[in-house]
There are 2 protein chains.
Amino acid sequence: MDINPESSKARQTSRVSGRRATLKEVAAEVGVSRATVSNAYNRPDQLSEELRVRVFEAARRLGYAGPDPTARGLRKQRTGAIGALYTDRLSYAFADPAAVMFFEGVSVATEEAGLGLLLIPGGSLGQRDPEILMSAAVDGFVIFCMAEDDPLVEATLRRQMPAVLVDQPPIEGVPSIGIDDEAAARLAAEHLTSLGHRSFGVVSFDLDKDSKSGFADIDKQHAATYLPSRARLRGYESALEAAGISWADVPVYECAENVPGMAAEAAEALLALAPRPTAIIATSDQLAFGFMEAVKKAGLSIPEDISVVGFDDVPEAARANPPLTTIHQPHVEKGLRAGRMLIAQLREEEPPETQVLLPTRLVVRGSAARTDH
Amino acid sequence: MDINPESSKARQTSRVSGRRATLKEVAAEVGVSRATVSNAYNRPDQLSEELRVRVFEAARRLGYAGPDPTARGLRKQRTGAIGALYTDRLSYAFADPAAVMFFEGVSVATEEAGLGLLLIPGGSLGQRDPEILMSAAVDGFVIFCMAEDDPLVEATLRRQMPAVLVDQPPIEGVPSIGIDDEAAARLAAEHLTSLGHRSFGVVSFDLDKDSKSGFADIDKQHAATYLPSRARLRGYESALEAAGISWADVPVYECAENVPGMAAEAAEALLALAPRPTAIIATSDQLAFGFMEAVKKAGLSIPEDISVVGFDDVPEAARANPPLTTIHQPHVEKGLRAGRMLIAQLREEEPPETQVLLPTRLVVRGSAARTDH
DNA sequence: TGCCTCTTCTAAACCGTTTTACTAAATCGT
DNA sequence: ACGATTTAGTAAAACGGTTTAGAAGAGGCA
């Protein structure tokens, strides 16, 4: 319990010279079998209290910190952790409030169940690296935000472990959770058409794993391998076409990364267009923030000169200037439910709900206004 | 590579009926020894290319996804992941931008090294639970943000693995990284005294593991077991005393959690004081945000009626309204360096720097002004 | 006393790999 | 053509625990 000099010295050079002590050594010290030491830790009812105490004393003397998790995992066939597979470098995930909220939800589920949470990057340093994935000692996977043609998805599934797909097209035999991206996106577009807008621009995050920034034509949009991108663009398309606006004339600027900074480029490209769009729809709040920033820098004002609608409703949207009109989706709950769906599988409980769609809604704030045009 | 019906069917019921295939079964299928199959995966130069292909074919036929990470970990005595131990529930970490940035830095380091990142909550559901910690299969620990009397720190160290302490008092034999909290805090207080303020209030996050919100007297401040809290308060104290202000008269309100919402309580308590403080120092930006929010709700304005200085300089500080004057510290770099210090130990490289202090600086923005008082 | 049930502990199999030391066959240099 | 090296593959010992089946002894009951 205490941090006393003795114990911290023991840490540096364990009594058994250098190497970490093992259960076998503790058994030898006490003069009992390995099974008994194991029982002392795992099934106190299997030995006398007095012997149990002697075991723990010997353990402390030897600097033995308890059964090795790896060995235990091997024997018990469960590691006590689940893996969360993210499409890209983790630093991108941490920089995206929506992803962070999702992980927050997952972490609530893992803590409920007493499990650890292993974060697994899908790619780093540009190349996709199955190394970390394939050497991840976990009991199951939450597959988050992966492109549908990403070989890592198939590789993960091949490990034949419980898994949950998040924001991805369903795969037979694997439960999924997400939102109706297309319907949600329609809400955003319809809000703007109902305010009288006829001239649009769209800012999207990446459509495919290795995208470059730039305008994306309809073919590219329809072939996008990130489900959220593809479905949201489809949603905008159908709402605008329904309002009699030709989607072919709507410029869609794809940003290679979902960070505010990237939207500055998009703004430059879209604001230069003639006629200048009166309304911009972004597939994420992050991009909307960046876009608004750039608009202000250009000396225009929101929503007077140009209306902006985002997607995600991260907390900062409410505090933005002006407050961002956007589509709400329950990120934390998505993570929580995904985590629980996975954990239910681990317990081999009744087959969990297999396809969950969470509700979304339009949140009207101050970044979109009626156009005078 | 492809997601075709065959492979997804294979996933559900592997050819070897139910159970996951093992390396031994693959060996039997090909008619070679286990060593050879192992070599096919790990040391291609040890067998003929043709045999290697046959091994992989058999593996695919049997639905074998490659060597089991746990077994491999046991044999090789390394798991390919490091653990990040956080003081509390992970959801608190994810809700705190400073912690998220720290993890972002750590993740960069782990990806550089091809390691996974296991997040370990120190406590959940109120009780401190060593279960997840003790069953974490990792090669080392980043110990982040723990109270110095937390038994989990000692428990971690007892595992005799490489570790790095972050924002905690040094322990012999364990490298640490952090900032000079006391000096940094002095900067904040001195900025306000230099603007003429004489009447102060302080908003702090928790001083100890299981704190309740409320005013904290000097004894409690000095006995705080979270180093950052204790040291920052000391910094404020020494700067104000140096300016001739009696610290005993400065109200310090402790918030039980480091979230903006909690600062509303603090604001209520501090604004009701007579005379009302003209300057508030917060030990985190999160609290400063919440405080500013509450001040505005109370019909006062910042910095005209009251000046606020934060701590951390999270990105949102620059976008706040008004932009927050605060103390900058390099969160991402802290995580990156901590991760690298740990990884260097794993590699048994030259003993890494053992005590790192990162630089801090005052960032003057718009939330603190000269007082007319 | 004899039989049965607890309690307390143990022997040994097993979890799925990697790695060391070794063998047998093929190739090389001269 | 012959010993020396290289190549290709193997047997078996770890790695550090958990768990099953069972033994030895103690106590209870008739």
Side-chain angles (χ1 to χ4, degrees), chain A residues 14 16 18-55 58-59 62-80 134-139 159-161, chain B residues 14 16 18-55 58-59 62-80 134-139 159-161:
Chain A
S14 138
V16 286
R19 213 56 228 109
R20 257 195 303 279
T22 72
L23 180 143
K24 175 153 70 165
E25 288 159 13
V26 175
E29 170 93 2
V30 184
V32 297
S33 73
R34 314 210 300 298
T36 298
V37 177
S38 175
N39 284 332
Y41 284 95
N42 302 308
R43 313 194 330 197
D45 54 312
Q46 297 292 300
L47 37 45
S48 65
E49 184 54 28
E50 177 258 340
L51 178 54
R52 183 155 187 258
V53 169
R54 275 170 46 217
V55 168
L62 264 38
Y64 179 72
D68 178 74
T70 304
R72 176 201 289 245
L74 176 60
R75 176 62 228 229
K76 302 183 90 157
Q77 295 289 76
R78 16 165 279 112
T79 63
M134 296 316 277
S135 66
V138 296
D139 298 327
R159 283 188 57 180
Q160 317 228 112
M161 305 196 132
Chain B
S14 137
V16 286
R19 213 56 229 107
R20 256 194 305 279
T22 71
L23 182 144
K24 175 154 71 166
E25 288 159 14
V26 175
E29 169 93 0
V30 184
V32 296
S33 73
R34 314 211 299 298
T36 300
V37 177
S38 176
N39 284 334
Y41 284 95
N42 302 306
R43 306 177 359 181
D45 53 314
Q46 297 292 301
L47 37 47
S48 66
E49 186 54 29
E50 176 258 341
L51 178 53
R52 183 156 186 258
V53 169
R54 274 170 48 216
V55 168
L62 264 38
Y64 179 73
D68 177 74
T70 304
R72 178 202 289 247
L74 176 59
R75 174 63 228 226
K76 301 183 89 157
Q77 295 291 76
R78 14 167 280 114
T79 65
M134 296 316 278
S135 66
V138 296
D139 298 327
R159 283 188 57 179
Q160 317 226 112
M161 306 196 133

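Each chain gets a letter, A, B and so on, in the order its sequence line appears, and its residues count up from 1.
Residues B:Pro69 and A:Arg159 meet the side-chain proximity criterion, which asks for heavy atoms closer than 4.5 Å. Residues A:Val26 and A:Val55 are in side-chain contact: their nearest non-hydrogen atoms beyond the backbone lie under 4.5 Å apart.
Of all non-hydrogen atoms in A:Ala58 and A:Val30, the two that sit nearest each other are CB-CG2, 3.4 Å. In terms of heavy-atom proximity, B:Gly80 sits nearest to B:Asp139 at N-OD2, 2.9 Å. Closest approach of A:Ala137 to B:Thr70, counting heavy atoms only: CB-OG1, 3.8 Å.
Atom CG of B:Leu23 and atom C1' of D:dA12 are 15 Å apart (whole Å). Here the P atom of nucleotide C:dG16 and the CZ atom of B:Arg20 are 9 Å apart, to the nearest Å. Counting to the nearest Å, the P atom of D:dG16 and the CD atom of A:Glu25 are 8 Å from each other. For the pair A:Asp68 CG and D:dC15 P, the computed distance is 12 Å after rounding to whole Å. Per the geometry, OH belonging to A:Tyr41 stands 13 Å off C1' belonging to D:dG16, to the nearest Å. Spacing between atom NZ of B:Lys24 and atom P of C:dT18 amounts to 15 Å, rounded to whole angstrom units. Remark: P of D:dA14 and CG of A:Leu74 are 17 Å apart, rounded to the nearest angstrom.
The line from OH of B:Tyr41 to CE of A:Met134 is 8.5 Å long, rounded to the nearest 0.5 Å. Taking CD of B:Glu25 as the start and CZ of B:Arg20 as the end, the distance is 11.5 Å to the nearest 0.5 Å. Distance check, rounded to the nearest 0.5 Å: CG of A:Asn39 to CZ of A:Arg52 gives 10.0 Å. For the atom pair CZ (A:Arg75) and CG (B:Leu74), the distance works out to 13.0 Å, reported to the nearest 0.5 Å. The CG atom of A:Leu62 lies 8.5 Å from the OG1 atom of A:Thr22; values are rounded to the nearest 0.5 Å.
Looking at heavy-atom distances under 4.0 Å, B:Ser38 makes contact with a base. Looking at heavy-atom distances under 4.0 Å, A:Arg43 makes contact with a base. Within 4.0 Å of A:Tyr64, counting heavy atoms only, lie sugar-phosphate atoms of the nucleic acid but no base atom.
Taking the side chain to side chain contact (heavy atoms under 4.5 Å, CB included) definition, one finds that A:Arg72 meets it with A:Asn42, A:Pro67, A:Lys76, sequence neighbours left out. When the side chain to side chain contact (heavy atoms under 4.5 Å, CB included) test is applied to B:Thr36, the partners found at least two apart in sequence or on another chain are B:Val32, B:Ser33, B:Leu47, B:Leu51.
Between the side chain of A:Arg75 and the base of D:dT18 there is at least one donor-acceptor pair of N/O atoms closer than 3.5 Å.
Remark on the helix from C:dT1-D:dA30 to C:dT30-D:dA1: inter-end axis angle 30°, axes from five-pair C1' superpositions, rounded to 10°.
Mapping B:Lys76 and A:Asp45 onto DNA chain C via the closest heavy atom, the residue that lands nearer the 5' end is A:Asp45.
Enclosure of atom CZ in B:Arg78 is not indicated, since only 12 or fewer non-hydrogen atoms of other residues, nucleotides or ligands lie within 6.0 angstrom.
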Report all interatomic pairs (protein N or O, nucleotide N or O of nucleotides 25-27 of chain D) with separations under 3.5 Å.
none

Between the protein and nucleotides 9-12 of chain C, list every N/O to N/O distance that falls short of 3.5 Å.
unit_1 : atom_1 : unit_2  : atom_2 : d
C:dC9  : OP2    : A:Ser48 : N      : 2.9
C:dC9  : OP2    : A:Ser48 : OG     : 3.4
C:dT10 : OP2    : A:Ser33 : N      : 2.9
C:dT10 : OP2    : A:Ser33 : OG     : 3.0
C:dT10 : OP2    : A:Thr36 : OG1    : 2.4

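When the side-chain nitrogen and oxygen atoms of A:Gln77 are compared with OP1 and OP2 of D:dT18, none of them lie within a distance under 4.0 Å.
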* B/S/- contact track for nucleotides 21-27 of chain C, protein heavy atom under 4.0 Å -> -------
